[in-house]
Amino acid sequence: MTPPARSANAPAEGDQRPLPLLAPVRSRDGRSLPAPASSIMAGSRAQASYATAREAPGSFSSQLRPATSHDGRLKPDFDTHAIIVGDNNDTTTEQRQADLQDQIEKETKIKIGSENLLEALNAKNAKNTRDQRLQVEEQLNISNRKLAQLKSGLAAEIQRAKEIKSPPAEAQSRLSYLFRRNLSRSPSRHIAKLEADEDETESPTFVLAEILRALEVAGMQPEYYVERANSLVDLFKRHPTLKYELAWSIFGLRMQTMLLSDSREVVAAAYRIMRYTFTDRKSLQIIRALHTDYLVILSLVKESKASVEREQSLKFVRAFLDVKGGVEEISRSVVRVIVAVAEHTDDRLRNIAILTLAEILVKKPALLVESGGMGTLTDALGEGNYYAAESVGSAFVYLLDTPQRRRFLRSGYELEAPFAMFTDAGTAHSHLHEEKLKANAKVIASLLRSWSGFLSLCMNDFLAIRSLLISLEIPTPHVRNVLLELLFDILRIKPPSWSTSFLAGRRLTTYGRVTNLRNQAIQDDSGPSTDPTNKWNLLEHYVAMVLAAFLHAGLVPALLKAEEDPLSLPLKRKTTLLLGEVLKMANELLPPSWSSELQVLPQLLRSAAKFDTEARFVAIGTIYQVDSVNRTLYRSATATNQPSKGTTTVDSASSARQTDQSKAQAAMQMDETTFRAMMVDTQVLGTVTFQKWRWDLIQNIIDGPLLNAKRLDEATKVTKFVHRLLGFYRPFKYRFSEVKNTKPNQRYVRAGCALMRTLLQNPDGVRYLSDSKFIRQLAECLSHFDRMSGLTSESPMFQEDRMNETLTGGYFALLGALTKDPKGIQILERWRVLNMFYHIIELNDRDDLIKTLLSNMDYTLDGHLRIIISKAMTSGSKEVRIFATRLLRKYATRPIQPTDSSSVAEWAIKSLVTQLYDPDVEVCEVAIKILEEACNQTESLEYVVKCRPALDHLGEIGAPLLLRFLSTSVGYHYLDGLNYITGEMDDWFLGRNDTYVALIEASMARALADIPEKPQTQLSYDDTPEHQEYGIVPPHFYRELTRTKEGCKLLKQKGHFDEFVANIRDFAMEKDDAEMILKVKGCLWAVGNVGSMELGAPFLESSDVVKWIVKIAEMSEVMSLRGTAFYVLGLISRSLHGQEILLEYGWDGVVNEAGEALGFCLPLDFKKMFLMTPWKAKSDHMSWKRKADVKVAVSDSDPLNARILKLATDLGNTVLAKKAANDLQAIKAKRAPGFTKPAIFHKVMQILEAHHFRLPACRFVLDLFDKSVLPQIVLEEEDQSDESTDSESDAEAVGANGVA
């Protein structure tokens, strides 16, 4: 039995105001989060038509929670899934993890704020701020407790997700359970377990048959059908293979019946069910045979009150895109309607529609062009209202890459739409205009972060970039401010730490502090010298090219003009800062031929030299400001940013150490009177209340005078200074151990560690410390966790809550200070502390205590502590093993001392090699990464090879470390003995080169996207390896092979290099075959990596490969291939012989002051890189039978029907639309029979497909047809005797629409 047909536009009572659809928001794991959908209240309604949905007896919520309608009945509902279809069973747990992480971030911010406030209050008078301080401490304790709970919850959730990757199959003992259960979310795990325990008495196929039989019942309330639909979706989720066994003759009829329902909720449920039945393109064809194209169009043209049905219908279409080849099954008529939705400014689904069109543009551009969607996407790109416009820009950029796809962009100026907002900006300021400018600035920045976008915007003599720079002359402050911010972003300039003060108007008087910071950075970085060839940054090379393009387009003159007309003082300062940064970057990244002219600022000098004008004072002031900024930039630059000044680095570091030593010497020589006065000033001798003590003075005394034996003797024997200090730290006095664990209170821990170090420097201090009650009591507290001691306590000192909330954990930092000195270890041995350590790391339930213990100890000295951490690395829990392995990083990366037989680096490397055989792969992965970092030093690399690690069992994880072995002769012979090299070489030659292309392009895309790293939420002592660096050249087999003479000999014997050169020569100008383009890219990277090594010189000289690479960079029509060639030329320029060869072909390399190649190069004739052949769109690429189709559609033997079709066509004409609508309304009022005939409906749908119509026009014309027409078409009950046209015309119309 067929339910009554639905219609589209009748008003519903109690409709909630539809929520505006925001731009799709991405969650942490990359999926789109579901957009909120408004609830629709339904009631009774009179006769309506197709563009309007019937009101249902119950309301509907898209959040899938049961709600109650106004008549008191409980009604079911179903979930609206994410914008990007592809739900899986882990959605629920991932969502919970994301919520927990958000809460952790929020609580961490509250905690940091409380600590900062507490630090500020501690600096003030203690009496006045006591109450405030107590309140802040209370808030801090609450935050700490919440953080601990949230972190434990997150850890449990992650563990649960790992244990159960997908919910187990649920046994359904009673069919009624499916109907009664609340399907508002995926089944929870405890329910899944309970059901799994039950005997499975009914098969999924039987349950499916029962649900379909239940859906066959007619005349029930909408809740009945929606609940069964939810049960069906749940069944498909639990049994994904069930959709392959569907009997489409029965299932399709049920779906058609639901889609023809009067209830919006039932129709939406049907769309949702069908999404879960998609398997392949064949299944899509079967579903389209159910006439879903017409049904989707009718759903999409409805008013916003039918939001649930419209949303599900659009998701239904989007699900086609997730099926391989599914885009081929999306008809032009459906895309036309999606274009109409995207053009309708106030439509709630507008943003999803734009996103859908962008995806269709990538997968099948011809379909979108035929449907008239290109203009809609261009408007979305440049209007500033669509906040995910970067995704549209990336679709255009994808098309621009190859000539084959590029032809679909007819004008070639589509990417310039965002620039119009800047060039057309007026002088009026509004907040909305500024927001639009910022949105467009983001789009422009994203376009310039890909080769396709960058090269396209540089065409026509850098027209787009010139227009952007000319916009700096617009005398509107907010426009200039956004432009300056955009330039900072494009050139990837990170403002220095002092920029905020400078922009706020303060003078650059921070030279002292900046110099100290620089010296500190130099001191920290003056460790082992690593191999610079392991950190080649492609990102800087790309930035060099972008900088050169902007300088060529007139960046510096534009900035100088902005300086002359600054509009406001902050803008003037920002312009000065940008100018200084640009000059600094030009000096570092560009060849001398570029930077030498810029540095003198000739335009300013000419103005300053004109003594007869007032403008000279502005020019002189600008020169002074730029010079001042440059000096400050130099002072604040760290040693890592100045690779050319190696000798200066060492000198500065040594001078900084000498300065610190001289200060300490001066403090040690303090006379007795001054020393006593200082001790009195600390308040330690006057009161035992430690809050009143001046800890800054205490720290100065400990680090200075107490290092003098005489002063120490006075402090220990004559006064109670040291006695009271050590008394404060004694555990059983409950003073230090009761202090709250806050950031300001860490000063007590620092002072305690300094005190330990100072006492160990003097024999009397060692004796005093050894005999004091401090160590004795601390040993007793530790013994409570030593099962062998026999001592217990009701409230042990190191219980978990105290470790979290108080400074109790700081005792391990004090013990760690003792382990740095042999005398301190003797003290610990005397009181059996090390014995207790052995037993503490065996505890099964106190990973937090073990981690705190391990992280605070020092393992430089050979002894028990090394055995303890080795024991933890091998016998602890997985978390402890990973933690302990990471702790070895700072020891393994130290330089190996050839004179020291028991070097700490050698011990750490040995221990890490042992970790490679851990049963858990995660532990092995951590060890591999640390060893890889250690191998940056040649001595460490040779020692790792000497340890002869076996990495076969680790597969891909161990591959990067094995590649590092190739870089030395010792490693080469070791790997050759394992028969690794020849096999790996063939593997790279046959396929890994292509994989390398994908890896490096993904790395560059991630680096250019500039996605901020997620802040570390947990505060751990863990010495975690650095975050993965993007934009760095990954290790390449042929580069590592070319580091040694043996490797070069093998490469020559194999003839692989000649093969690469032949491929590049033969397919350099390839532009259509994607597979061959990928092959050429792989060959380019292989040649570039070989040519970057000094030993690779003979390979480059014996072939003309550089000529072909230059040709690709300057003439290839594939833009990404040009970019690859540009990067490869940069690699070749990293060797001096490579620079010489490049100079012959008109490319200039960059060297530093020491004459070392930096790996940046630019063409001498700069415009060559940006010469592209203009493209023209040909009509035959987008041809379709428009004229023939429309001619058939508008013709009819009945004059009245022909009139209807003509007027329907006129609705697409803005001039004739109003008159046509009135005429159609008049014909409808006379009850014209044409509006009840399926043949006329077919022809109207064909007209809608052939022409561009706005959404209200589509809704209006479909609203005219009688409600009985659609069931006739869908259920194929058309009466052929009543057709007004011949059957051939109908067949052609139906075939063109894609329905059978």
Side-chain angles (χ1 to χ4, degrees), residues 7-11 48-52 294 296-306 310 331-350 353-354 357 369-380 383 1186-1187 1189-1196 1198-1232 1234-1237 1239-1266 1269 1293 1296-1297:
S7 71
N9 264 351
S49 45
Y50 287 126
T52 325
Y294 284 171
V296 166
I297 291 169
L298 288 166
S299 294
L300 285 174
V301 300
K302 289 185 179 181
E303 291 181 343
S304 57
K305 62 186 72 172
R310 298 179 74 230
S331 69
R332 191 166 59 242
S333 53
V334 171
V335 180
R336 282 275 189 196
V337 176
I338 296 175
V339 170
V341 172
E343 286 181 344
H344 199 59
T345 314
D346 300 327
D347 198 299
R348 179 176 163 271
L349 295 182
R350 178 175 181 263
I354 291 173
L357 294 177
V369 174
E370 292 166 7
S371 307
M374 196 62 80
T376 307
L377 288 183
T378 306
D379 292 343
E383 66 185 5
R1186 179 194 292 254
K1187 292 179 180 177
D1189 290 350
V1190 178
K1191 187 176 179 182
V1192 170
V1194 297
S1195 62
D1196 197 279
D1198 187 330
L1200 185 58
N1201 290 345
R1203 172 72 174 156
I1204 290 171
L1205 295 174
K1206 178 67 172 67
L1207 291 171
T1209 309
D1210 290 345
L1211 285 174
N1213 187 326
T1214 51
V1215 177
L1216 304 174
K1218 189 172 181 181
K1219 184 178 183 303
N1222 291 334
D1223 291 351
L1224 282 170
Q1225 200 68 47
I1227 295 172
K1228 170 70 175 175
K1230 294 176 183 177
R1231 300 183 179 275
F1235 291 121
T1236 62
K1237 294 185 181 295
I1240 304 302
F1241 184 84
H1242 280 307
K1243 292 191 174 185
V1244 167
M1245 294 298 285
Q1246 199 169 348
I1247 290 170
L1248 292 180
E1249 178 184 5
H1251 296 286
H1252 178 72
F1253 290 86
R1254 295 202 174 276
L1255 192 62
C1258 297
R1259 185 183 303 137
F1260 173 78
V1261 72
L1262 293 175
D1263 190 37
L1264 296 171
F1265 284 88
D1266 190 78
V1269 175
N1297 196 37

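Below, all heavy atoms of this structure are taken into account, side chains as well, without hydrogens, waters or symmetry copies. One is the number of the first residue; the rest follow in order along the sequence.
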What's the spacing between T376 OG1 and R350 CZ if we round to 0.5 Å?
9.0 Å
Residues A340 and F1253: closest non-hydrogen pair is CB-O, 3.6 Å
Which atom names give the shortest non-hydrogen contact between S371 and V339, and what distance separates them?
O-CG2, 3.9 Å
Apply salt bridge (charged side-chain N to carboxylate O under 4.0 Å, His left out) to E1249 and K1243, showing your working.
CA-CA 10 Å; E1249 178 184 5; K1243 292 191 174 185; over 6 Å; no
Quick check: F1241 with Y294 (ring centres under 6.0 Å apart)?
yes
Nearest 0.5 Å, please: how far is NZ in K1219 from CG in N1213?
12.0 Å
L377 versus I354, closest heavy-atom pair with distance
CD2-O, 3.7 Å
Exercise: identify the closest heavy-atom pair between R310 and D347:
NH2-OD2, 2.7 Å
For the residue pair A342 and L357, what are the closest heavy atoms and their distance?
CB-CD1, 3.8 Å
Do S333 and Q1246 have side chains that approach each other closer than 4.5 Å (heavy atoms only, starting at C-beta)?
no
Any I1240 side-chain heavy atom under 4.5 Å of K1237 side chain
yes
For K1218, all residues meeting salt bridge (Lys or Arg N to Asp or Glu O under 4.0 Å), sequence neighbours excluded
none
Taking the side chain as C-beta and beyond, is there a heavy-atom pair between L1248 and C1258 under 4.5 Å?
yes
Are the side chains of I297 and M1245 in contact, using a 4.5 Å heavy-atom criterion?
yes
Quick check against the 3.5 Å criterion: does R332 have a side-chain atom that pairs as donor or acceptor with the backbone of E370?
no
Test salt bridge (Lys or Arg N to Asp or Glu O under 4.0 Å) applied to D379 - qualifying residues, sequence neighbours left out
none
CD1/I1247 to OG1/T1209 distance, rounded to the nearest 0.5 angstrom?
3.5 Å
All side chain to side chain contact (heavy atoms under 4.5 Å, CB included) counterparts of A1221, not counting sequence neighbours
L1211, F1260
Does some side-chain heavy atom of L1207 sit less than 4.5 Å from a side-chain heavy atom of I1204?
no
OG on S331 to CZ on R336, rounded to 0.5 Å
11.5 Å
Rounded to the nearest 0.5 Å, what's the gap from NE2 on H1252 to CD on E343? Could you check?
3.5 Å
Distance (rounded to the nearest 0.5 Å) between L1205 CG and D1210 CG:
11.0 Å
Check: R1259 and E303 side chains under 4.5 Å, non-hydrogen atoms:
yes
NZ/NE/NH1/NH2 to OD/OE distance under 4.0 Å, R1203 and D1223
yes
